[in-house]
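Here is the structure we will look at.
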Amino acid sequence: MALVNTREMFKKAYEGGYAIGAFNVNNMEIVQGITEAAKEVNAPLILQVSAGARKYANHTYLMKLIEAAIIETGLPIAVHLDHGDTFELCKSCIDGGFTSVMIDGSHHSFEENIALTKKVVDYAHERGVTVEGELGRLAGIEDDVNVSDADAAYTDPAQVEEFVAKTGVDSLAIAIGTSHGAYKFKPGQTPKLRFDILEKIQQRLPNFPIVLHGASSVIPEFVEMINKYGGKMPDAIGIPEDMLRKAASMAVCKINIDSDLRLAMTASIRKYFAENPSHFDPRQYLAPARAAIKELVKNKLINVLGCNGKA
Ligand code: G3H
Ligand code: 13P
Ligand code: ZN
């Protein structure tokens, strides 16, 4: 199996009423934890790389780690640029072997978003690469850009057909109440997603794959562990798993998860050092961190996304 784009994965996911997990990768242990989990449950995967991840780990290192994962697992894996914000960044990832890119023009005007997205689609499609666009703005933090609640905006269903028709994107990220990071709802607030907006979008774009960003559940077990072992993450709240299951059964074919991986890894490392304060071999604390990621991802693939057995 070689690297694949997202076309076939999304077609099967839409028809099957499940979603593909898109997990952010930044280093070897994260790639291994995710891909070992997917291999055990025979799930297709999207491994996504942000501009920040590329800056941290280097494009070539990440590509080679993902190629190694394909050799080790034999799974269909797409390597995807997460939140590309310029044509040049998308082009660099396409030229460097990515099979899918996101061009996030959601901070531009509708017309500018269309023009930028179309330029990326034209370049990508000529090279067999699929493209995700975005309409609507999520609150939270991406790289160094912090979108405040006031600047966040739900996707307007009235705009989606024109956007898809004029750009030719293969999938569309929408804003229905999810947000990036570990603080998605205020304490005391009941978590809520705008499924009415998703339904309207689904009616206007039949058989079209929708993407949900900011979809970590902020698993309480890991937040409690972080707080127990010297961390301070009061009031971290994520998206309830039943809401993600519902989205996956609808038009949502790609669910983005990064914060949950970070929390699992950090909780595990904090626990390790609390229990073994004199240890200093990185393999000793990275091995349990990798195992924590593997368990977390396995649970997501089976119990939330429903893509186990679909590779
Ligand atoms: O949406 C943002 C992702 O969690 C990536 O985060 O830009 O800090 O790598 P990053
Ligand atoms: P989380 O912060 O909820 O994990 O979202 C990740 C994401 O959307 C990456 O694009
Ligand atoms: Zn995102």
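None of these values were measured; they are calculated from a predicted model. Order of appearance sets the numbers: ligands from 1, and atoms from 1 within every ligand.
- If you check the side chains of His213 and Asn256, you find a donor sitting under 3.5 Å from an acceptor.
- By the criterion of a heavy-atom distance under 4.0 Å, the side chain of Asp82, and not its backbone, is placed next to ligand 1.
- Within 6.0 Å of atom CD in Glu72, 12 or fewer heavy atoms from other residues, nucleotides or ligands are found, so the atom counts as exposed in its surroundings.
- No donor-acceptor pair closer than 3.5 Å links the side chain of Thr73 to the backbone N or O of Lys39.
- Under the 6.0 Å distance and 45° angle rule, Arg270 does not count as a cation-pi partner of Tyr272.
- Heavy-atom proximity to His83, at under 4.0 Å, picks out these atoms of ligand 1: 1 (O).
- A salt bridge does not link Lys228 with Glu224: none of the charged nitrogens is closer than 4.0 Å to a carboxylate oxygen.
- For the 3.5 Å distance criterion, the side chains of Thr155 and Arg137 fail to qualify, holding no donor opposite an acceptor.
- Distances below 4.0 Å separate heavy atoms of Asp258 from the following atoms of ligand 1: 3 (C), 4 (O), 5 (C), 6 (O).
- Gln48 has its side chain within reach of Lys254: a pair of non-hydrogen atoms, C-beta onward, lies under 4.5 Å apart.
- Every atom of ligand 1 with a heavy atom of Asn24 under 4.0 Å away is listed here by number and element: 3 (C), 5 (C).
- Considering backbone and side-chain N/O of Asn26, none are found under 3.5 Å from N/O of ligand 1.
- Its N, O or S atom nearest to the Zn ion (ligand 3) is what matters here, and for His213 that atom is ND1.
- Using a cutoff of 4.0 Å between basic side-chain nitrogens and carboxylate oxygens, Glu67 and Lys64 are scored as salt-bridged.
- Residue contacts with ligand 1 for His213 are absent, since no atom lies close enough (heavy atoms, distance under 4.0 Å).
- Considering backbone and side-chain atoms alike, Arg262 places an N or O below 3.5 Å from some N or O of ligand 1.
- When the Zn ion (ligand 3) is compared with the N/O/S atoms of His180, atom NE2 turns out nearest.
- The contact shell of ligand 2, taken as protein residues with any non-hydrogen atom closer than 4.0 angstrom, comprises Asn24, Gln48, Asp82, His83, Ser179, His180, Gly181, Lys184, His213, Gly214, Ala215, Ser216, Asn256, Ile257, Asp258, Ser259.
- Near Ser50, meaning under 4.0 Å from one of its heavy atoms, ligand 1 places the atoms 5 (C), 7 (O), 9 (O), 10 (P).
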Identify all side-chain donor-acceptor contacts of residues 289-302 below 3.5 Å with residues at least two apart in sequence or on another chain.
{"from": "Arg290", "atom 1": "NH1", "to": "Gln32", "atom 2": "OE1", "distance (Å)": "2.6"}
{"from": "Lys294", "atom 1": "NZ", "to": "Glu40", "atom 2": "OE2", "distance (Å)": "2.7"}
{"from": "Lys298", "atom 1": "NZ", "to": "Glu40", "atom 2": "OE1", "distance (Å)": "2.7"}
{"from": "Asn299", "atom 1": "OD1", "to": "Asn303", "atom 2": "ND2", "distance (Å)": "2.4"}
{"from": "Lys300", "atom 1": "NZ", "to": "Asp260", "atom 2": "OD2", "distance (Å)": "2.5"}

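- A salt bridge is defined here as a Lys NZ or Arg NE, NH1 or NH2 lying under 4.0 Å from an Asp or Glu carboxylate O, and Asp242 with Lys246 fails to meet this definition.
- Side-chain atoms of Glu134 and His107 include no donor-acceptor pair closer than 3.5 Å.
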